[in-house]
Visitor: 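Got a structure here, written out as structure tokens. Questions coming.
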Amino acid sequence: MLTIYDSAARAKREFTPIRPGHVGIYVCGMTVYDRCHIGHARVLVVFDMVVRYLKERGFDVNYVRNITDIDDKIIARAAENAESIESLTNRFIELMHRDAEALGCLPPTSQPRATENVDEMIAMITTLIDRGNAYRADNGDVYFDVSTFDRYGSLSGRDPEDLRAGSRVAVDEAKDDPLDFVLWKHAKAGEPQWDAPFGPGRPGWHIECSAMSTEALGTTFDIHGGGHDLMFPHHENEIAQSECATGCHFVNYWMHNGFVRVDDEKMSKSLGNFFTIEEVTQRYHPEVVRLFILSSHYRSPLNYSDQHLDAAQASLSRWYSALKKVPANAEPIAEVMDAFHDAMDDDFNTPKAIALIHEQLSLVHKIGESDKEAAAPHAATINAMGAILNLGQLDPDVFLHWSAEGDREDTLDDADINQLIAQRAEARASRNFEESDRIRDLLLDNGITLEDGPQGTTWRRQ
RNA sequence: GGCUGGAUGGCAGAGUGGCUAUGCACCGGAUUGCAAAUCCGUUUACCCCGGUUCGACUCCGGGUCCAGCCUCCA
């Protein structure tokens, strides 16, 4: 039985899809005005894992992740760069796709862009105005009237009265109520704009997710995900808009991933304590980052540090050296696979699932020393579990020989290394251990670790 | 201030009303020309105070501390 922690219920609930065998999942994606950082990597990897596991469970998954390509920050950044908005957003969309691919994430089924769905947003806003849930203010902006939706605040457990009382919301003269939020921003000179029955302008942020999720997945769908910081007000606002516009229950399961932290503080653009996916994957193999992310439960905070990445790297080295040692020409072990599924069924408990992989790795190393055939089922089990998480699927040497991009120019290439290993083999054969050790130290200085074995010497980086 | 969530061994990180999580690190040993890798063995826990119970790290109550949201944010 697959259970998912539903943020709205604040409890794990058995997962029952609307249509048997099918899952519709919508995840709030990126606003494309800058590079993605490790916090964004977490959303990408976590929901990739969720989608892969749903598929593993036999569901046909419709995974929609939007791209916000029109908003204040994008307009500001494009102006700063003296670049067109389209050029800016296309550039960062491409970089985002590159990051996602590096992290081993499958592309979503669809990735709707806000600017390509403005008609749907206008239609939804029109409905909201017609039904009395939204109003056009004197300045031309259109706002959602929070007082018309009595469940407002239920997702995040907030009482609108409390919000008003301790309001830190900037007082906007145009709003009837400080909690009202903008659906449509009136046109301003030099900004993109679309014609609409309620006046030219551009959409507010929240409406895009309501319009695009409904367009792609229907008025009620199974799972809606995103970072924990989107719970309020973004997701709260989505619920209000969607349920008022369609009259239907919006989402059955809300999933929110925890933050990546640096020194126990949230990694964020405004604090400036972020590391981009690109810079980290130049220093560590992208799969190290993926394992690092999946090593903790998706709802827990995740502290970013080189030490933790080093640990993930060590795990993968051990993983790939096990696979290198033993061929996986056998069937996976059913009991272990069952335990793996049980762990994943329990709200995607990847740390527990990965612990099972570690246990099998130990067995491969232990048994594989003397009996490769007996170790093969364990290796096959590791491969099967790894395939579901998309870990450990590379050629072992591709991982073990991988070098950090920043080091590439001043380190030895593979041919140099093999040359030196051959020289060392000669020295060892003639029992010239002084020369042999000199070569090994030289390689170690270049980040290359040698391992002498019965089949000769192998090497790996770091 | 309000609302969420959390506190597990040196570090990371699961979990359970009584039985070794797991990985890394440490220490001892095997192996090795020496290493590395691997294996064997050992050590280190459940924030505090009450309560329930034959028995609580696990349940209940009260504290303390931490993080997040309440403004754009994955």
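This one's a predicted model, so the numbers in the text were calculated from it and none came from an experiment. Chain letters run A, B, ... following the sequence lines, proteins first, then strands; residues in each count from 1.
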Visitor: Cation over ring, A/R158 on A/F232, under 6.0 Å and within 45°?
Guide: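 Checked: cation-pi criterion met.
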Visitor: Send over the distance from A/I74 CD1 to B/rC72 P, rounded to a whole Å.
Guide: 15 Å
Visitor: Specify the separation, in whole Å, of atom NE2 of A/H297 and atom C1' of B/rG13.
Guide: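 It works out to 12 Å between those atoms.
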Visitor: Charged N to carboxylate O under 4.0 angstrom, A/K185 versus A/D71?
Guide: no
Visitor: Check A/R35 with A/E279, please: is the shortest side-chain N to carboxylate O separation under 4.0 Å?
Guide: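 No, no charged N to carboxylate O under 4.0 Å.
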Visitor: Could you tell me how far B/rG13 sits from B/rC47 if I compare only their P atoms? Round to whole Å.
Guide: 15 Å
Visitor: Can you check whether A/S362 has a side-chain N or O nearer than 4.0 Å to OP1 or OP2 of B/rU22?
Guide: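 Result: no.
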Visitor: Quick one: the side chain of A/R428 and the base of B/rG33, do they pair up donor-acceptor inside 3.5 Å?
Guide: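 It does, because a donor-acceptor pair links the side chain of A/R428 to the base of B/rG33 below 3.5 Å.
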Visitor: Distance check, P atoms only: B/rU64 and B/rC73, in whole angstrom units.
Guide: 33 Å
Visitor: Let's see if you can work this out: which of B/rG68, B/rG33, B/rU22 has an atom nearest to the side-chain heavy atoms of A/E359?
Guide: B/rU22
Visitor: Apply side-chain hydrogen bond (donor to acceptor under 3.5 Å, both in side chains) to the pair A/Y53 and A/D345, showing each step before the final yes or no.
Guide: CA-CA 9 Å; A/Y53 188 65; A/D345 276 353; 2.7 Å; yes
Visitor: Please pick, from B/rU22, B/rA35, B/rA74, the nucleotide with the shortest atom-to-atom distance to any side-chain atom of A/A355.
Guide: B/rU22
Visitor: I need the A/M255 CE to A/I4 CD1 distance, nearest 0.5 Å.
Guide: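 So the CE of A/M255 and the CD1 of A/I4 are separated by 5.5 Å.
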Visitor: With nearest nucleotide decided by heavy atoms, which residue, A/F433 or A/R460, maps closer to the 5′ end of RNA chain B?
Guide: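 On the 5' side of the pair lies A/F433.
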Visitor: Measure from the side-chain heavy atoms of A/L230 and tell me the nearest of B/rC70, B/rC73, B/rA14.
Guide: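 The listed nucleotide nearest to A/L230's side chain is B/rC73.
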Visitor: Tell me which nucleotide among B/rG15, B/rC73, B/rC34 gets nearest to the side chain of A/S268.
Guide: B/rC73
Visitor: Counting a pair only when it is Watson-Crick or G-U and both distances are under 3.5 Å, which runs of at least 3 such pairs involve RNA chain B?
Guide: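 So the stems come out as B:1-7 with B:64-70, B:10-12 with B:22-24, B:27-30 with B:38-41, B:47-51 with B:59-63.
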Visitor: Roughly how far apart, to the nearest Å, are B/rU20 and B/rG63 at atom C1'?
Guide: 33 Å
Visitor: More than 12 non-hydrogen atoms from neighbouring residues, nucleotides or ligands closer than 6.0 Å to CD on A/E373, yes or no?
Guide: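 No, because the 6.0 Å sphere around CD of A/E373 holds 12 heavy atoms or fewer from other groups.
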Visitor: Relative to each other, are the rings of A/W402 and A/H285 parallel, tilted or perpendicular (30° and 60° limits)?
Guide: perpendicular
Visitor: If the C1' atom of B/rC48 is compared with that of B/rC57, how far apart are they to the nearest Å?
Guide: 14 Å
Visitor: Give the nucleotide from the list B/rG2, B/rA74, B/rG15 with an atom nearest to the side chain of A/R158.
Guide: B/rG2
Visitor: Give a yes or no on whether a salt bridge exists between A/E287 and A/R290, defined as a side-chain N under 4.0 angstrom from a carboxylate O.
Guide: no
Visitor: Output the residues of residues 88-100 of chain A in contact with RNA chain B, where contact means a heavy atom of the residue under 4.0 Å from an atom of the strand; sort by number or write none.
Guide: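 Here the set is empty: none.
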Visitor: Scan residues 305-321 of chain A against RNA chain B and write down, sorted by residue number, each residue with any heavy atom closer than 4.0 Å; if none is found, say none.
Guide: A/H308, A/S315, A/R318
Visitor: Quickly work out the A/K266 NZ to B/rC72 C1' distance and round it to whole Å.
Guide: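 From A/K266 NZ to B/rC72 C1': 9 Å.
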Visitor: Using a strict cut-off of less than 4.0 Å between a Lys/Arg side-chain nitrogen and an Asp/Glu carboxylate oxygen, indicate whether A/D347 and A/K352 qualify as a salt bridge.
Guide: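 Between A/K352 and A/D347 there is no salt bridge, as every charged N stays at least 4.0 Å from the carboxylate O atoms.
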Visitor: Please pick, from B/rA14, B/rA35, B/rC39, the nucleotide with the shortest atom-to-atom distance to any side-chain atom of A/R440.
Guide: B/rA35
Visitor: Going by an N to O cut-off under 4.0 Å, is there a salt bridge joining A/D34 and A/K73?
Guide: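 No, this pair does not count.
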Visitor: May I ask you to verify whether the side chain of A/K73 and the base of B/rC73 hold a donor-acceptor pair under 3.5 Å?
Guide: no
Visitor: Please list, by residue number, the residues of residues 40-47 of chain A whose heavy atoms come closer than 4.0 Å to an atom of RNA chain B; answer none if no residue qualifies.
Guide: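 Residues of residues 40-47 of chain A under 4.0 Å from RNA chain B: A/H40, A/V43.
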Visitor: Calculate, to the nearest 0.5 Å, the distance between atoms CG and CG belonging to A/L356 and A/N349 respectively.
Guide: 9.5 Å
Visitor: Expressed in angstrom and rounded to an integer, what is the separation of A/D34 atom CG from B/rA74 atom P?
Guide: 11 Å
Visitor: Does A/G39 reach a base, just sugar-phosphate, or nothing at all? Heavy atoms under 4.0 Å.
Guide: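 Answer is base: heavy atoms of A/G39 come under 4.0 Å of a base.
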Visitor: Using the C1' atom in both, what is the distance from B/rA37 to B/rC24, to the nearest Å?
Guide: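 About 15 Å, rounded to a whole number of Å.
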Visitor: What I want to find out is whether A/K325 reaches A/E369 closely enough, with some N-O distance under 4.0 Å, to be called a salt bridge.
Guide: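 So A/K325 pairs with A/E369 through a salt bridge.
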Visitor: Taking the same atom, P, in B/rA21 and in B/rA30, what whole-Å distance lies between them?
Guide: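 These two P atoms come out 28 Å apart once rounded.
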Visitor: Can you tell me if A/N303 touches the phosphate of B/rA12, counting only side-chain N or O atoms and a distance under 4.0 Å to OP1 or OP2?
Guide: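 So the side chain of A/N303 is outside the cut-off, no N or O lying under 4.0 Å from OP1 or OP2 of B/rA12.
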Visitor: Can you measure from NE2 (A/H206) to SG (A/C28) and round to the nearest 0.5 angstrom?
Guide: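 The NE2 atom of A/H206 sits 10.5 Å away from the SG atom of A/C28.
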Visitor: Counting heavy atoms from C-beta on, name the nucleotide in B/rG2, B/rC40, B/rC70 closest to the side chain of A/D162.
Guide: B/rG2
Visitor: Return yes if the base of B/rG33 and the side-chain atoms of A/D437 contain a donor-acceptor N/O pair under 3.5 Å, otherwise no.
Guide: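 Yes, the side chain and the base share a sub-3.5 Å donor-acceptor pair.
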Visitor: Between A/R440 and A/D437, is there a side-chain N and carboxylate O pair less than 4.0 Å apart?
Guide: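 Here A/R440 pairs with A/D437 in a salt bridge, since their nearest N and O are under 4.0 Å apart.
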Visitor: Can you pull the salt bridge (charged side-chain N to carboxylate O under 4.0 Å, His left out) pairs that have at least one residue in residues 94-104 of chain A, sequence neighbours excluded?
Guide: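 Applying salt bridge (charged side-chain N to carboxylate O under 4.0 Å, His left out) to every pair that reaches into residues 94-104 of chain A, excluding sequence neighbours, yields A/E94-A/R98.
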Visitor: Tabulate protein N/O versus nucleotide N/O from nucleotides 8-10 of chain B, keeping only pairs under 3.5 Å, one per line.
Guide:
none

Visitor: Hey, is the side chain of A/S436 pairing donor to acceptor with the base of B/rG33 inside 3.5 Å?
Guide: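 Answer is yes: a donor-acceptor pair is held.
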Visitor: Can a side chain N or O of A/K352 be found less than 4.0 Å away from OP1 or OP2 on B/rG13?
Guide: no
Visitor: Between A/H358 and A/S300, which has a closest nucleotide on RNA chain B that is more 5'?
Guide: A/S300
Visitor: I want to check one thing: is the phosphate of B/rA74, taken as OP1 and OP2, less than 4.0 Å away from some side-chain N or O of A/K269?
Guide: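 No, no such contact exists.
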Visitor: Say you pick atom C1' in B/rA56 and the same atom in B/rG50; how far apart are they, in whole Å?
Guide: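 My reading of the C1' atoms in B/rA56 and B/rG50 gives 14 Å.
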Visitor: Using the ring pair (Phe, Tyr, Trp, His ring centres under 6.0 Å) definition, which of the options A/F181, A/F149, A/Y152 pairs with A/F144?
Guide: A/F181
Visitor: Considering only the C1' atoms, how many Å lie between B/rU43 and B/rG29, rounded to the nearest integer?
Guide: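 Per the computed distance, 15 Å lies between those C1' atoms.
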Visitor: Within this structure, what is the NZ-to-C1' distance between A/K366 and B/rA30, rounded to whole angstrom?
Guide: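 It is 14 Å, rounded to the nearest whole Å.
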Visitor: Taking NZ, NE, NH1 and NH2 as the nitrogens, is one of them in A/D452 or A/R424 under 4.0 Å from a carboxylate oxygen of the other?
Guide: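 Salt bridge present between A/D452 and A/R424.
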Visitor: Yes or no on side-chain hydrogen bond (donor to acceptor under 3.5 Å, both in side chains) for A/Q360 and A/T381, after CA distance, side-chain angles and deciding distance?
Guide: CA-CA 8 Å; A/Q360 294 302 307; A/T381 309; 4.6 Å; no
Visitor: Given B/rU38, B/rA74, B/rC72, identify the nucleotide with an atom nearest to the side chain of A/K325.
Guide: B/rU38
Visitor: Going through the checks in order, is the ring-ring contact (aromatic ring centres under 6.0 Å, His included) test met by A/F250 and A/F221?
Guide: CA-CA 7 Å; A/F250 184 41; A/F221 57 94; 5.3 Å; yes
